[in-house]
Amino acid sequence: MPAFDLVIRNARAVTASDIFDCDIAVKDGRIVQLGQDLPGGTREIDAAGRHVTPGGVDAHCHLDQPEPPPVRMADDFDTGTRSAACGGTTTVIPFALQHKGQSLRDAVADYHQRAEGKAHVDYTFHLIVSDPTPKVLEEELPALIREGYTSFKIYMTYDSLKLDDGQILDVLSVAREHGAMAMIHAENADCIEWLTRRLEAAGRTAPRYHAHARPMLVEREATHRAIALSELVDVPILIVHVSGKEAVEQIRWARAHGLNVFAETCPQYLFLSAEDLGIDDSYHGAKCVCSPPPRDKSNQRVIWQGLADGLFTVFSSDHAPYRFDGDDGKKAGGEEQPFRHIPNGIPGIETRMALLWSEGVMAGRITPQKFVELTSTNPAKAYGLHPRKGSLAVGADADLVIWDEREFVLRNSQLHHNVDYTPYEGMHLTAWPGMTLARGEVVWDGSRFTGRAGAGRFLHCGHPTLLPRVAAPRPAR
Ligand code: URP
Ligand code: ZN
Ligand code: ZN
């Protein structure tokens, strides 16, 4: 009887700190030994000296999130996690969204139903808090944090979701007291509305004007304010989808002043620019409408620099899947929409890892270790999943990617999401996962998806471990 269920031979293993050659032994879905010339397994895979990294943890993606009709997200937990697996991601963290007036518990229950029996890889939820009533703040949120929902997103923009500064302070206080991670979407809603109305009055409603309505300064101002609010409450925050220089400068300032401000960026801020929203009034630009919008090449360089030098903690996809054609996506109701009504978001759950390995590691901009830190280890730590997820170590889940380094041209037809385009169509890439394993099972063999709906399990999260846990203050007597 072989000692192990699986042995991966001749791996060039990469962790967030090291690269070393070893065999990797797996039993009952976990890594049980790393070493040279390990005894045999029931199954053997020869990595042939290729890089082996921990599976990706995509800590910011949207799957089957309820939308006002006729808009619908194109990916649910089935197609979304299938696409994730084929792109080397083995844990996803989408959002259980609370509508205003809705109990947070109901939002979580609804989201569990949407995921039940469908996921191909492990998953957990961030909460989106849009209605911080006394009941939410005093009862529901603390109880949910205790039950393993230890992160939530708050919005400074979008009418249906945004919180005012007082509400943000209330929610951040709960994060501080109960040890949760608060993610903040930082854009100034009033400036965006004012600019949008002026653009509309001038007849400028094509997709490209989305970027004019959300210039860098609206992100800079809100980032500055989010930092100040977190300083007032004395709680770490994580600013999501940072798009360029002026927001980066605010975060560098905060760090230089000893504040615990973490930051996330996404592929769209490395590989897309405002020109992708259109240089004329063509509706094709709707494919790249997301918020914050992509900026320009000089901002892309600033984002690369921040990935390399530690400014960014996490690299996520912000996969927000809407079809281009049809009546439930970018052309809601089948009609081309003024930019105000174009669903915000672009697909990217499958391409996140390969884009960063190709243009980051292969192009020499970041080390393989930095890649692992950004795509897997840090997101697992930020959201209380480490060391079970995000590590290539004894005791961790055997979530692994064996990398194929080869040149090819990316086409949407190769992808497994349910979206009818990729913003990265025609890009030349130099790497793609040659194999993805989720808890020791092959879910992508380099040419075929081999997973099973329902194999992905819900994960209860612990407290974030990016920092030592600071004890909550004693209540005043
Ligand atoms: O445009 C975006 N980013 N859509 C997804 C929702 C969000 O704010 O992350
Ligand atoms: Zn956002
Ligand atoms: Zn998002």
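Counting starts at 1 for both ligands and their atoms, in listed order.
Taking the six-membered ring for Trp and thresholds of 30 and 60 degrees, His120 and Phe449 have ring planes more than 60 degrees apart, a perpendicular arrangement. Using a 30° and 60° split on the angle between ring planes, Tyr383 and His126 fall in the perpendicular class, above 60°. The aromatic rings of Trp403 and Trp357 lie parallel to each other, their planes meeting at an angle below 30°, with 60° marking the opposite boundary.
Contact check on Glu359 versus Arg365 returns a salt bridge, with a Lys/Arg side-chain nitrogen under 4.0 Å from an Asp/Glu carboxylate oxygen. Using a 4.0 Å cut-off between charged nitrogen and carboxylate oxygen, Glu193 and Arg340 count as a salt-bridge pair.
Among Met73, His185, Lys153, the residue whose heavy atom lies closest to atom 9 (O) of ligand 1 is Lys153. For atom 1 (O) of ligand 1, the nearest non-hydrogen atom from the set Cys61, Ser291, Ala320 belongs to Ser291.
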Would Asp170 and Leu163 count as a side chain to side chain contact (heavy atoms under 4.5 Å, CB included) here? Give the steps.
CA-CA 10 Å; Asp170 283 342; Leu163 304 187; over 6 Å; no
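At a cut-off of 2.8 Å, measuring from the Zn ion (ligand 2), the protein N, O or S atoms that fall short of it are Lys153 NZ, His185 ND1, His241 NE2, waters left aside.
Listed by number with element, the atoms of ligand 1 under 4.0 Å from a non-hydrogen atom of Asp318 are 2 (C), 3 (N), 5 (C), 9 (O). Close approach of ligand 1 to His62 (heavy-atom distance below 4.0 Å) involves ligand atoms 5 (C), 6 (C), 7 (C), 9 (O). Atoms of ligand 1 found under 4.0 Å from any heavy atom of Cys290, numbered from 1 in the order shown, are 1 (O). Counting the atoms of ligand 1 from 1 in the order shown, those under 4.0 Å from a heavy atom of Asn344 are 1 (O), 2 (C), 4 (N), 5 (C). Remark: ligand 1 atoms within the under-4.0 Å shell around heavy atoms of His60 are 9 (O).
Applying the ring pair (Phe, Tyr, Trp, His ring centres under 6.0 Å) criterion to His416, with sequence neighbours excluded, gives Trp444.
Atom CZ of Arg204 has 12 or fewer neighbouring heavy atoms from other residues, nucleotides or ligands inside a 6.0 Å radius.
For Lys331 and Tyr283, the positive end is not near the middle of the six-membered ring at less than 6.0 Å and at most 45° from its axis.
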